[in-house]
Amino acid sequence: MSLTLDSNIPSGPLAGKWEKHKFESKLINPANRRKFEIIVVGTGLAGAAAAATLGELGYKVKAFCFQDSPRRAHSIAAQGGINAAKNYQNDGDSVHRLFYDTIKGGDFRAREANVHRLAEVSVSIIDHCVALGVPFAREYGGLLDNRSFGGAQVSRTFYARGQTGQQLLLGAYSALNRQIAAGSVEMHSRTEMLDLVLIDGHAKGIVTRDLVTGEIKSWAADCVIMATGGYGNVFYLSTNAKGSNVTATYRAHRRGAAFANPCYTQIHPTCIPVAGDHQSKLTLMSESLRNDGRVWVPKKKGDSRPSSQIPEDERDYYLERKYPSFGNLAPRDISSRSAKEVCDEGRGVGPGGLGVYLDFADSIKRLGEDKIRERYGNLFDIYHQITGENAYQMPMRIFPAVHYTMGGLWVDYNLMSNVPGLFVLGEANFSDHGANRLGASALMQGLADGYFVIPYTIGNYLAPAIGKRPSTDHPAFKQTESEVRAQLQRFLSIKGRRSVESFHRELGLLMWDQCGMARSERSLTKALKRIPALREEFWQDAKILGDNESLNTSLEQAGRVADFLEFGELMCLDALARNESCGGHFREEFQTPDGEAQRNDNDYAHVAAWEYQGYGQAPKRHIEPLTYEEVKLATRSYK
Amino acid sequence: MNLHLKVWRQKSAQSEGRLADYEARNIPEDCSFLEMLDLVNEDLLSKGEEPIAFDHDCREGICGMCSLTINGIPHGPSETTTCQLYMRKFKDGQTIYIEPFRVGAFPLLRDLAVNRSAFDRIQQAGGFVSAHVGAAPDGNAILVPKTQADRAMEAAACIGCGACAAACPNASAMLFVGAKVTHLGSLPQGQPERDRRVLAMVRQMDAEGFGNCSNYLECEAVCPAEIPNSVIGQLNRDYASALVKDTL
């Protein structure tokens, strides 16, 4: 089967494409919708919204999540807010401006038509969430409140305290619950998708494992929607939840779905640093702290004196030194990379030398402790809880951390992958953020895909496919089931000496060092040599105890880590093949004299989509050219 | 630091459980409680023993998946969730009892993991506003006074972890149910279904086997999301009022 990447972008002017496409999309009458079964994997913002909306339309939906409840999905941890082009603040916002900011923020590596649609439906998302009872922040007059966010000069971010993701997810969860009660959605928690089932090249079902009983089961459907999130945990340490994984998308990739731009990862500059080898995850500290904090490290290598004993002239305020105009407010990617540089030089602070100071002493002297407490009190509290340190009296220690992944399974304008019948939503797809995602845009995209895009576009696939749902007796299901069982059995029969956790940590560190904030041909080649060896070691020496017939967390983890061990290689290959720097992808060989990312629009203004060629075989790189009708490609300037 | 652990081990709901003794050695005090368990699990694995099963996911205090009763207290001596509890809260050489949330309506799955789907079923009974996608008026067409919005947000912050029921001598889930009833009941959007909602949710809460509130307020004391006990008062008022209207 040859791989075709037809984006199916509607013709006509950009601003009219979505209206036109909605009109031209195939409809399915209400009586017929009952005849279609749809599988939704993942119940975060995109998955829960899709399941609820499709259920409401009358389709028969089966939804799956590996957590104990759909409400746990990691969308819940998003803090800041959700963008929408409402222009409630009368400050010059518009659909076009949100579209442009998003394209520019993505360093001109996203699809114009998809991004414009995202900006268009953003306004409906807010309306719908309000109707669901999401308690957005309000002004005294009862109107919705807004705040501003990075990458924009307008106030278009809606928020619910520092818990916007939680409230939006619980809104989608409540809509999902309504459909579960109505009988239109059947919910399966603690059930992990372990493979995708293809029949005649179409996605027609999945094979799952019940995480409590170990039961392997086939589920047939007319189409499959995956909304299974990002792959940041390939780095082991990230701000993702512990359970977040690449298994669903990677296994679909192995069945033929193209993986697009896997090298695009976002690294957030202000997280609480690693405290030791025991650390299992990283916690974000709001970027807003950089408004009043000064970033520094000692000038001397290996200076282990406490911060208070390092005199002013022995401190290097490196952001202020290197970027005098932006100083401590230098953009995310620059700040993250600079922190890595000084730590690589041996000037990092705190345990392991992986941290830099974020010092509030000057601001406290200037504004008083009360003012700082008023602005950032809750963040100082979280910091205290985690580190045991009082940041009013000593500087905070921060370090960059993996936060979000822009790459994902390739999808067309209908959000369908190159495998007919497989749709991919939210962070799991690649489509809207290009090489870098702006703050408050992840929530927008997840809900746009789930509430407002998929309900329209799914008809184009389903309408001609009526009555073609196979039964789980089809040999393809039996075959896939037996492959899944064989893999589980293989894990249990390795009986090696090393824990799965230790392999994951080693892979994560390798990815972070060689394919993290800065990559080079040298580092990537090194990683590409080490990963296959590590994978072999895993299959020879991993220690997985217990059996398949019970709740076995080591077995669950083994499957996810085995996939990361293959996926990491794909990421490095993608990073190596993209001979330019753009957004979150920084290749050391391609930078301007002052250290900015140097894009190469002539050769790389395209999406790279990888086709699986078999275990241990080099995947094949395909491209989808990005054509810009509305926007002129320009160099992002932060100066 | 070194700690003596007494951990509840139980292979499945059908098998018998017991408290097993483990020594946790060389635990850094910067470890979170769950990271300490990770280390213990690595140690168990190296000895050929199956790791302790426990629920967790976000490890930043918001998803509500982590549980554990630590020295008799759900989420232990932490201000928030177990995942945000750090070992510096314990003393070197201390004995720590680690048990699952003990609630009849949360059947045990394995070791420290329990099934909290009863909470999902209560939400399915009525914890929503019936709004169709695409039918919503403009967001600012529904004005919500700030005080009401803040009250709704305070109640909506519930993370659904189940500590309230685990702490309650009656295994009551009224803080959990009251939080949703108060959240939606404080907003104009929640009014049309207000009576229906409270009746359905309370009916389901009873059917799941949760007890009633008799004002111990242990729930409020352990709640990681700081849901105030006033939501229970709200639940009682709404229920009484709906019941009267229903019988009339």
Side-chain angles (χ1 to χ4, degrees), chain A residues 53 56 67-69 71-72 74 76-77 86 88 124 126-128 130-133 135-144 160-161 163 166-167 170 174-175 177-178 180-181 189 212 241-243 275-276 278-281 283 385-388 451-452 455 499 501 543 545-546 550-551 553-554, chain B residues 11-12 28 30-32 34-35 38-39 42 45 48 50-51 53 55-60 62-65 79 84 86 88 109-110 113 115-117 119-120 123-125 127-134 136-140 142-146 149 152-153 156-157 160 183-184 187 189-190:
Chain A
T53 311
E56 187 177 274
Q67 297 95 339
D68 76 333
S69 161
R71 67 180 294 155
R72 313 287 188 215
H74 198 55
I76 204 152
K86 279 289 197 185
Y88 281 160
S124 309
I126 300 305
D127 299 341
H128 183 59
V130 167
L132 284 173
F136 283 120
R138 299 272 173 171
E139 295 169 5
Y140 279 100
L143 295 169
L144 288 157
R161 287 196 196 155
Q163 293 147 263
Q166 180 199 28
Q167 291 311 312
L170 293 181
S174 74
N177 282 334
R178 183 163 75 94
I180 295 171
S189 302
V212 179
K242 286 296 286 174
H278 58 270
Q279 188 128 355
S280 60
K281 85 152 261 157
T283 303
Q385 214 164 34
I386 293 179
T387 64
Y451 284 136
F452 294 102
S499 71
E501 180 87 357
K543 187 171 191 176
L545 299 177
S550 58
L551 199 164
T553 46
S554 322
Chain B
K11 175 119 181 157
S12 69
D30 287 334
C31 249
S32 74
L34 298 183
E35 286 164 353
D38 290 342
L39 291 171
E42 285 286 292
L45 190 82
E50 283 190 56
D55 276 326
H56 64 99
D57 200 24
C58 79
R59 296 206 177 187
E60 51 186 278
I62 192 79
C63 79
M65 186 137 172
E79 288 142 32
Q84 292 297 295
Y86 284 80
R88 67 183 81 86
L109 297 171
R110 179 171 192 161
N115 180 350
R116 286 167 286 186
S117 55
F119 268 16
D120 286 327
Q123 295 295 339
Q124 288 155 19
F128 49 77
V129 172
S130 301
H132 291 272
V133 174
D138 185 85
N140 264 344
I142 307 167
L143 294 179
V144 184
K146 190 174 186 313
M153 179 62 220
H183 159 210
L184 296 177
L187 296 170
Q189 304 92 301

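The structure presented is a predicted model; accordingly, all values stated were derived computationally and were not measured. All values below were derived from every heavy atom in this structure, side-chain atoms included, with hydrogens, water molecules and symmetry-related copies excluded.
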Candidate pair A:Ile386 and B:Gln84, rule side chain to side chain contact (heavy atoms under 4.5 Å, CB included), full reasoning: CA-CA 7 Å; A:Ile386 293 179; B:Gln84 292 297 295; 3.8 Å; yes

Side chain, backbone, both or neither of B:Ser130 within contact of chain A (heavy atoms, under 4.5 Å): both

Which portion of B:Ile142 sits near chain A, non-hydrogen atoms under 4.5 angstrom: both

Atom group of A:Gln385 that falls short of 4.5 Å from chain B, counting heavy atoms: both

Which atoms of B:Arg59 approach chain A - backbone, side chain, both or neither, heavy atom under 4.5 Å: both

Interface moiety of B:His183 toward chain A, non-hydrogen atoms closer than 4.5 Å: side chain

Toward chain A, the part of B:Leu45 with a non-hydrogen atom under 4.5 Å: both

Proximal component of B:Ala113, with respect to chain A [non-hydrogen, under 4.5 Å]: side chain

Contact origin within A:Ser69 toward chain B - heavy atom pairs under 4.5 Å: both

Side chain to side chain contact (heavy atoms under 4.5 Å, CB included), paired with A:Leu144, selected from B:Asn140, B:Val144, B:Asp138: B:Asn140

Stepwise side chain to side chain contact (heavy atoms under 4.5 Å, CB included) check, A:His278 with B:Asp38: CA-CA 8 Å; A:His278 58 270; B:Asp38 290 342; over 6 Å; no

Test salt bridge (Lys or Arg N to Asp or Glu O under 4.0 Å) applied to B:Glu35 - qualifying residues, sequence neighbours left out: none

Which portion of B:Pro51 sits near chain A, non-hydrogen atoms under 4.5 angstrom: side chain

B:Glu50 versus chain A, the contacting section by heavy-atom distance below 4.5 Å: both

